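As structure tokens, the structure follows; a few thoughts come after it.
Letters go in sequence order (proteins before strands), and every chain restarts at 1. Just so you know, these numbers come straight off a predicted model, no measurement behind them.
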Amino acid sequence: MKADVIIIGGGIVGSATAYYLAKRGVKDIIVLESSASIGHGASSRNGGGVRQSGRDVRELPVAMLAVQKFWPTLSEELGVNTEYTQEGNLRLGKTEAHMKKLNQLADNCKAMGLDVRMVDKQEAHTINPYLSDDVIGASFCPTDGHANPLTTTLGYYMKALEMGVHFYTHAKVKGLKKIKGKVSEVIMSDGEVLSAKTIILAAGYASRAIMNTIGLDIPMDDVIDGCIVTEMEPKMFSQMLGTAAADFYGHQTHHGSFVFGAVAGPEAYMDIPPETTNFAHPDTLGATCRAVEGYIPALARSKIVRSWTGWCDCTSDGVCVLGPVEEAPGLILACGFNGHGFGTAPAVAYMLAQMTCGEKPLLDLSALRYERFYD
Amino acid sequence: MERITMHPILGESPEGKCVEFTCDGKKLEGYEGEPIASALRVNGIMVHRYTAKRHEPRGVFCAIGRCTDCVMIVDGIPNVRTCITPLKAGMVVQTQYGVSAKEEAK
Amino acid sequence: MKIEHKELIVIGAGPAGLSAAIEAASRGIQVTVYDENARPGGQLFKQIHKFFGSKEHHAKIRGFKIGDELLKEAHEKGVEVVLNATVMGMFAQKEITVMINDEVHHVKGDAILVATGASENMVNFRGWTLPGVIGAGAAQTMMNLHHIKPGERVLMLGTGNVGLVVSFQLLQAGCEVVALVDAAKNIGGYGVHAAKLARTGIPFYLSHTIKEAEGDDHVTGVTIAEVDDHFQFIEGTEKHFDVDTICVAVGLSPMAQLLKMDGVGMKDTRGGYVPDCDETGATSIPGIFAAGDVTGIEEASSAMIEGRMSGYAIAEYLGYMTKEEKDAKEEELDQSLDALRQGMFAPKNRGKEITKTEEDILISTNLLKHGFVADDEISRFPGFVHKAAIHPVIECTQNIPCNPCQSACHKGCISIGENMTSLPISVKESTCINCGMCVASCPGQAIFLVEEHEDEDYGLITMPYEFLPLPEVGDLGHALGRSGKALCEAEITQVRAPKSYDHTALVTMKVPYHYIDLARFYKKGDE
Amino acid sequence: MFDIQEALKNIGPYVEEADDDLLVCRCEEVTKGEIRRAIHSGLLTIEELRRFLRCGMGLCQGQTCGSLTRRLVAKELHVPVTDIEVATSRSPMRPASMKTCGLDEKGGE
């Protein structure tokens, strides 16, 4: 099989890139997803944050571009409800040390032109009246928000599908192959060979092993993270919440349920196959609940209906790898999103489409290029 | 709906201790420890809630705590499975509209 | 966080779980059984009918009494049974979390047996979410555990054994059952279960299903209609019933989520999505076992044997039994299990159309379509004989693994033989002493005692009767035929309900001689 | 490799059915028609349907509608039910309050 563009990875980045390419008139696009469903990895398993505040300065412009140019009109563009809600991000502090940390983060963002300000206890409690009395202040970024990763990812996919993009599930890639110095073939695990003018690698952590097949490596690791989901609750608040202590983050969805994430506990050290680790370890579950209760006591009685886990592709320096690879012409990388991939995906995908078409991307992405690891 | 007082196989039904509770403010009686849903049924109440989207009535469906259709607000807590929650004296039971009691329901 | 340690964790205190716990504890294993319900026994305490099978399968004993026995034995063997204990998750390295009284406990076991049973399947029809539409299991729970009537007038969807048995229980609870409906062409459950409903006058509608449940806030009526071979409604075949309750009994599915969650190898079978395990319930993960309905839907009798097998296998796994001992026990139980898996309703015959009995007798088609053996069909079965003196007439016409009638009669009037699925034969050359034990012991209530007085133009018919109020001697009413149709006047001449009959009363009625082959039920009054 | 465009072509376009307004998922109130439409828009697996429509994601976590949805998807795709992957099971098996789940420190002491 031949195509103009082959995208490896049917997550939000892959699906959205396919969409933006199709929108530009690229005809022959193939998306390869190794699992049975689109958005099977971190695209469906994330807390839904569309956040700029607190991001690394190398990544912040991408997050800001996504919020300024893409998110507000995305539901309309895709014809699905992405549930994008721009009601701000409150990062909560309980101690003076927390406040110091929040100040530092806020200063970093302000220097990049993002509106993040510190709010005192009273203002924090005005913004969110459900906060525990222990919260003594917060940083607040009014342009941050959240959206629904499930409908957004599948929304991009369904739109791209409608526009003629060829999606394949159960499509396991064995490796890449250079032909006359250019990466132009994708070897499938069943031996089938696909070729394309441009190959985009957006396969999350699996990207690393695929890169290895052309003798290159991406210094990254897969890290497990979990979320809990509550029953439907009456509308309580609409901000995205985070904490200086990083003990939980989350928001209330349009449906009414709350989604709260936390750093995984024992899962991270257990030798278990990814396919059976579908839900939070009980230690993680308990710790997350205690953390949430500590900030929003009214939710103590709220019932959890499920938990889930997902994998972050975390690079050694904490930001994604985005753009062409000097040693592998024909290949464009988009992976290592460190758990920030959902909120930035529209901007990332748009710029990937630009790069594929030989255009200069909207932003200077040199800080995120692959070669930075070896400079 | 009646209680079964005498059964051809199980014999005489055990008589429970009568306790008072309220449903939507109305004073009712039931047996202590029986499922809230049973006490409601005996008092002729079949509608436990109205759904969030289509505002349709729901009641007991599986009676073993699995389907969660019979949930109501019990002592202020929404989504309580009444088919497996034992009745206690003085319980305040409310019909659930979406996930709220009526006055808050939109 | 503290982790508690148990030697064997059993999840589910139903027939399989308790049986396994008993065998394991008998070998010296410390066993803890968790069950999310307030009462142990699983479905056994809702099963108030007498069980089929043979003596080793607790035949002719009512389900709830078997439950009592199992619990007593578990208690004697030192099994710890923890109720209101919901297992919330099953994790790597045999760890589970259990919610008990609003606290979560982390527990690890050297072995875990999952015996979580099954849950009811559902079908969706217009109005299926209305209050008053309930699962058949819900009806059982309400009637037999909580002692309340699920409704006054009930329509049952489903004619498998659950639908049939629950319909009978509804009658026993004092409810009216207006009809049994099934989209299938034939009744799915035991003919004898259907026959005891049909003779009370309840109609069966095969190749029919529910078109709509009616009512604003709760069910006030239901419309059914006939379906074609592709299960599409046939225009103009609608029938309406005024009911306040619709019971749905359309099969069960194994509740194997915990096993799937733990990463146990699963398989898709006719019996549902189940763990891929061997006969002893050993799954793909060493030390994790499964038994009972969670491994595929069968009767509680089978679940108890499977549970025992798992109990032995676990004893071997934990070093309390040699492999030789375990193999010997397994073989013995295998035979017992195999005996239950014979006959027309055996798992291997699911989906097959059977037209003849093992004795090469044509099956009663009327039984499959209408729930009773037609008057002109009954004489071809070996349980049906004519004789002046009192004798049993056994209207058991399908090969099912059951034989209590044979041992109930000490006078040799009933013969089944070695093969327990054979149809019972009423032995003409024997002397019935009218003890009634066969009638009371038949789980299918298919045995009648008949006394033929041709000269005086009357006959006496003794039938099993499990309803209240009991008729009284001297009562006048009508004899009903197998279809429930009133045939003739009848007078009650004897009512017996000794303890040995275990709540199956024997009611004798006098009918004109002409009706001795036809009259099979009694209704008081002159309707 | 499973070709989704090809699969969609094979199952044909979505055609409205008289009972499309019947509920399948009682908790989240998702109808047969919504599920069928989503299938014809390319959501061919239970997981994708759950993610997009929330069917089986409510209070009971698909305990009631799981097999109904599976049958419906199989019928729409013209494949045997056993070809349709069963939805993932996730802890907790029954709804449990945050307070209860957070109390696991005390459990067993």
Side-chain angles (χ1 to χ4, degrees), chain C residues 1-5 11 36 86-91 96-108 116 119-130 133 135 211-212 231-233 248 250-264 266-270 272-274, chain D residues 17-36 46 55-56 58 60-72 74-75 79-109:
Chain C
M1 189 204 64
K2 187 178 163 184
I3 292 185
E4 295 166 54
H5 182 265
I11 306 171
E36 67 172 318
T86 307
V87 174
M88 304 209 297
M90 196 157 142
F91 308 89
I96 61 166
T97 46
V98 197
M99 180 165 61
I100 307 166
N101 298 327
D102 291 335
E103 264 185 13
V104 175
H105 296 247
H106 297 249
V107 192
K108 274 192 172 201
T116 42
S119 65
E120 292 188 272
N121 294 341
M122 278 301 145
V123 284
N124 51 347
F125 43 84
R126 206 162 288 283
W128 76 298
T129 57
L130 270 178
V133 178
K211 205 164 182 189
E212 181 169 9
F231 298 101
Q232 299 299 309
F233 288 112
V248 182
V250 293
L252 301 166
S253 291
M255 281 208 294
Q257 291 98 330
L258 279 175
L259 290 158
K260 180 174 162 65
M261 183 184 285
D262 200 44
V264 161
M266 306 290 289
K267 61 179 178 185
D268 235 318
T269 66
R270 277 194 83 92
Y273 188 67
V274 294
Chain D
E17 286 180 9
D19 59 355
D20 269 351
D21 62 330
L22 264 191
L23 283 187
V24 174
C25 170
R26 297 166 69 100
C27 297
E28 292 295 322
E29 301 177 82
V30 182
T31 64
K32 181 183 166 191
E34 288 174 276
I35 295 174
R36 292 186 58 239
I46 297 274
C55 47
C60 93
Q61 287 291 294
Q63 305 248 15
T64 311
C65 66
S67 55
L68 284 176
T69 310
R70 210 169 159 226
R71 280 209 296 275
L72 178 57
K75 193 176 161 215
V79 297
V81 173
T82 45
D83 278 13
I84 308 297
E85 181 66 29
V86 173
T88 308
S89 322
R90 299 180 194 279
S91 168
M93 289 295 293
R94 301 282 181 268
S97 77
M98 287 223 201
K99 194 178 171 68
T100 298
C101 294
L103 272 181
D104 66 341
E105 280 187 313
K106 303 220 170 72
E109 272 173 22

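Nearest heavy atom pair, residue D:T100 against residue C:V104, reads O-CG2, 3.4 Å. Here the closest non-hydrogen pair linking C:M88 and D:A96 is SD-CB, 3.7 Å. Residues C:R126 and D:A18 come closest through the heavy atom pair NH2-O, 3.6 Å. Summarising the geometry of D:S91 relative to C:M261, their closest heavy-atom pair is N-CE, 3.3 Å, with the distance given to 0.1 Å. Taking each heavy atom of C:W128 and D:V24 in turn, the nearest pair found is CZ2-O, 3.5 Å. What you find for D:E85 and C:Y273 is that their closest heavy atoms are OE2-OH, 4.2 Å.
Chosen from D:L22, D:V81, D:T64, the residue pairing most often with chain C at heavy-atom distances under 4.5 Å is D:L22.
Of the atoms belonging to D:Q61, not a single heavy atom falls under 4.5 Å from chain C. Only the side chain of C:T86 comes within less than 4.5 Å of a heavy atom in chain D; its backbone stays farther off. Proximity to chain C (any heavy atom under 4.5 Å) is shown, for D:P80, by neither the backbone nor the side chain. With a threshold of 4.5 angstrom between heavy atoms, C:F91 approaches chain D through side-chain atoms but not through N, CA, C or O. In this structure, the portion of C:E36 lying under 4.5 Å from any heavy atom of chain D is its side chain and not its backbone. In this structure, chain D has heavy atoms under 4.5 Å from both the backbone and the side chain of C:M122.
Inter-residue side-chain proximity for D:M93 and C:V87 is flagged as unmet; no heavy-atom pair is nearer than 4.5 Å. Between C:N124 and D:L23, the closest side-chain pair of non-hydrogen atoms is not below 4.5 Å.
For the pair D:S89 (side chain) and C:L258 (backbone), a donor-acceptor distance under 3.5 Å is absent.
Put simply, CZ on D:R90 and NZ on C:K260 are 9.5 Å apart, with the number rounded to the nearest 0.5 Å.
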